[in-house]
Amino acid sequence: MAQALRLALERALPQAPSKRPGLPWQWLAALPVMLIFGPLLPGLYWALSPALDATVWQALWLDAQWPQALRSTLISSVLGTLLACGMAALLATLHYPGRLWGSLQRRLPLLLSVPHAAFAVGLFFLIAPSGWLARTIAHFVQWTGPPDWVTVQDPYGLSLALALAIKESWFLLWVLAAVLGEQAVSRQMVMGRSLGYSRTQTWRLILWPQLLPRLRWPVIAVFAYGLSVVDMAIILGPGTPPTLAALIWHWLTDPDPALQARGSAASMILLIVLLTCVLAVRGLLWLMKRHQPYPAGQRKPTASRRWLKLHTPLFLVGYAVVAVLLLWSVAQEWFFPALLPDALSLESWHQADWAPFWTTLWLAMAASLLCLPAVLVWLEWGPKRLNALLYLPLIVPALPLVAGQYATLLHLQLDGTAVALVWSHLLWVLPYMVLTLIGPYRAFDLRLMTSARALGYSPWRACLHVKWPILLRPILATLAVGFAVSVAQYLPTLFAAGGRFVTVTTEAVALSAGGNRRVLAVQALLQIALPMAAFGLAAAAAYWLGRHRKGLR
Amino acid sequence: MLNIKNLTISNAEKSLFSDLSLAIDRGAVVALTGVSGSGKSTLLNWMIGDLDPIFSATGELWLRSVRCDTLPIEARHIGLLFQDDLLFPHLSVGQNLAFALPAKIRDAKARRHRVEQTLSSIGLAGFHDRDPATLSGGQRARVSLMRTLLAEPRALLLDEPFSKLDAVLRTQFRAFVFEQIERQNIPTLLVTHDPADVPQGGRVIEISDWQHSHV
């Protein structure tokens, strides 16, 4: 595999635009990326090759836990993805184009910056039998104790599906907003309607058939995430057996080599599930396209259902999650039916363990700052055709990748070191940063660079003095995204840190098993505060640095 | 007859037009000219029903004795042609036209026949199943106009429809458009910045005439 990658690199390199500098430059540009991806490949071999033994599969097949684990994983990931897609699609169809769509769009980044684990903790506080929701109902029906319902950690993974659906619907809405912002798309809506079709019909006949292929990768990323998510599954998912991803994690970290091999085999199952579902959906879309009838010209004046304010509950959950975490973090006593704590105190904050916070801070800063030059040289001089390869960690279940990273670190005897920890994060930080910056980078007016070159600047100096300063705003946003991605990492941190480093994310998940909601709320809030501070700082810095340059804003 | 009555459009900072009135008869072409940024597109967007919410407008739009400015885009029966052809890329050339064809032609065979007739009338016989992306700029422009006209609009708005074509193509397509409009006998408003785009005998209105006199 390592050789295949190298071959692919070699073949792609000379095809980069000819005006770019020669080969050594391109190798240099690809070097940081190879340092992140390269060591993973032997690791993947070491981690996954035990699964090549048939007896391992037999043992997996006979394992008592795995059928149920697979069931809850399938339910939570498939249902979560379908609901997320459905909600995002419904909201877009109802409100685009319109004033409300714009305001939805502006509120999304704030919600998106809430990390998955913190969101899961907050949702737990909302929907658990003793949560805010039950307390609200209790007020009307005079309950004296929490109802005897299973609303979280249910054996089917339904509460996990709900959490994934809400969290990922924000992400998909954000992706949709970016696509719908293009003039070509918005004009097609006007054109379709001017031919007499209603908004709903134009969405169905004109926009969706064009947008679906473009939404393919984001949706696959959502599904892959749901398949291999462990932190949310521990907080909201079933206990015994847990979801398949959590079970695989237990197996992979077991000292017994037989169980480790079982973990490798089961992580292959995740890959197979992903591939099967993706192929099934593609087949379905292909069939739908084939059986598309000849346009009948039927105009249906459908009543607009814009009064359906579905976005309200969807966004409210996000705010309620943060609110309930804040309340728990300052609650002293908060018995069941009470909607608000009986007494407030800052005790939990005074006694909070800040070590995870500082670890997360330096780790995320190191990861994002190290990635930035790699991203910049890759986008400027790197082989363009290999961008797809960079996105691989986003659309593949994380577990096999993490297992591969861990195997490499064990072989290099680097596990449990700070270097290993930072390196393990880069695999996800880098693709997200490339993804954030590639749009503005492509939209950059290249004539500005040509002008700089014509004035005698070398390519390197032209980048340094012209291109990158002009792109300062998206570059700062990219840094913030990289920081946020690092903060949210759970699996790589657990494996690479070898128990020596604790971040707010691993701490919050570990605390979720205990009973102290106050301490848990504090760590979850710290996990939210870090990315929010990063995004806030990036926006403020961009504003301040561009305060005398209207064209940069 | 297309009628704009006492139209005022303004945003928070200034008013673009005040008390604008205009009547266009059936079969007549009125050309609206003005420098870029003068508000031509805003006027057009208001007539379509797609005014940017940062603007507010008062006034009325009437088409064949029906008040249109309160109706949604799809109920106005106003056809549009932009400088980009905006053919739907996921449909074939023929399907693009069939999409516009009214539902009163019910049978799929009859619909396809009508579409193929239209295609051969504009010199594109046999293009039914082609991907719009494989057509030349001039061919796409013609298909785009026919798509708009097949929907049987009661008025036509043309937003710089010739500006992206090269000189030769431009002359040809211009003649083609006005020939088709004449056949349809509907009121047409043409927005352009090129005086050569105005057909013979067409009325020309300079947009600044409405702006300065009332500021």
Side-chain angles (χ1 to χ4, degrees), chain A residues 95-106 179 181-216 285-286 288-306, chain B residues 41 44-45 47-54 71-92 94-115 128-129 144 147-157 159:
Chain A
H95 298 301
Y96 174 87
R99 214 182 273 249
L100 194 64
W101 181 254
S103 82
L104 288 187
Q105 222 177 312
R106 279 191 295 279
V179 178
E182 294 169 16
Q183 207 197 19
V185 178
S186 60
R187 285 199 145 176
Q188 295 219 342
M189 175 52 105
V190 174
M191 188 46 95
R193 291 180 72 189
S194 81
L195 293 173
Y197 292 90
S198 68
R199 295 157 53 101
T200 320
Q201 269 189 308
T202 311
W203 259 109
R204 189 164 55 81
L205 297 170
I206 300 300
L207 294 193
W208 282 127
Q210 290 179 60
L211 294 186
L212 284 182
R214 296 181 61 183
L215 296 174
R216 185 173 55 203
L285 288 177
W286 180 80
M288 273 165 64
K289 206 179 163 187
R290 265 201 60 176
H291 293 280
Q292 192 186 29
Y294 198 72
Q298 204 63 250
R299 271 75 159 174
K300 289 182 196 130
T302 38
S304 169
R305 292 197 183 76
R306 301 178 99 173
Chain B
S41 305
L44 220 64
N45 286 338
M47 293 176 75
I48 297 165
D50 187 39
L51 189 69
D52 190 316
I54 61 165
L71 297 175
I73 306 176
E74 56 267 31
R76 292 190 181 195
H77 298 280
I78 296 178
L80 304 172
L81 194 65
F82 294 108
Q83 52 180 305
D84 300 300
D85 52 76
L86 290 178
L87 293 179
F88 303 131
H90 64 298
L91 300 178
S92 72
Q95 283 172 332
N96 261 284
L97 294 179
F99 185 78
L101 205 61
K104 63 189 178 199
I105 306 174
R106 285 182 167 269
D107 178 40
K109 254 187 204 154
R111 293 179 70 79
R112 191 180 165 121
H113 181 69
R114 176 70 204 279
V115 167
H128 187 283
D129 295 326
S144 180
R147 183 179 65 178
T148 299
L149 295 180
L150 274 182
E152 300 178 0
R154 295 175 192 165
L156 199 56
L157 301 182
D159 188 6

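The closest donor-acceptor contact from the side chain of His90(B) to the backbone of Leu205(A) lies under 3.5 Å. Of the possible donor and acceptor atoms, one in the side chain of Arg111(B) sits under 3.5 Å from a partner among the backbone N and O of Ala296(A).
Of the listed residues Leu101(B), Val115(B), Leu97(B), the one with more heavy-atom pairs under 4.5 angstrom with chain A than any other is Leu101(B). Each of Arg112(B), His77(B), Arg76(B), Lys104(B) has some count of heavy-atom pairs under 4.5 Å with chain A, and the biggest count is that of Arg112(B).
Considering OG of Ser186(A) and CG of Asp50(B), their distance stands at 8.0 Å, rounded to 0.5 Å. Taking CD1 of Ile54(B) as the start and CZ of Arg99(A) as the end, the distance is 10.5 Å to the nearest 0.5 Å. Here Leu86(B) contributes atom CG and Arg187(A) contributes atom CZ; the two are 6.0 Å apart, rounded to the nearest 0.5 Å.
In plain terms, the two heavy atoms of Gln210(A) and Pro89(B) that are nearest each other are OE1-CG, 3.2 Å. For the residue pair Ile73(B) and Val190(A), the shortest heavy atom distance occurs at CG2-O, 4.3 Å. Nearest heavy atom pair, residue Phe88(B) against residue Gln188(A), reads CD2-OE1, 3.6 Å. Scanning all heavy atoms of the two residues, the minimum distance from Gly297(A) to Ala103(B) falls at O-CB, 3.3 Å. Listed here is the closest heavy atom pair of Tyr294(A) and Gly94(B): OH-O, 4.1 Å. The two residues Arg299(A) and Ala151(B) make their nearest non-hydrogen contact at NH2-CB, 3.9 Å.
Looking at Leu80(B), the atoms closer than 4.5 Å to chain A (heavy atoms on both sides) sit in the backbone and in the side chain alike. Proximity to chain A involves both the backbone and the side chain of Ala100(B), based on heavy atoms less than 4.5 angstrom apart. With a 4.5 Å cut-off on non-hydrogen atoms, Tyr197(A) touches chain B through its backbone and its side chain both. Within the 4.5 angstrom heavy-atom criterion, only side-chain atoms of Leu91(B), from C-beta onward, approach chain A.
Using a 4.5 Å heavy-atom cutoff, the side chains of Arg147(B) and Met191(A) are in contact.
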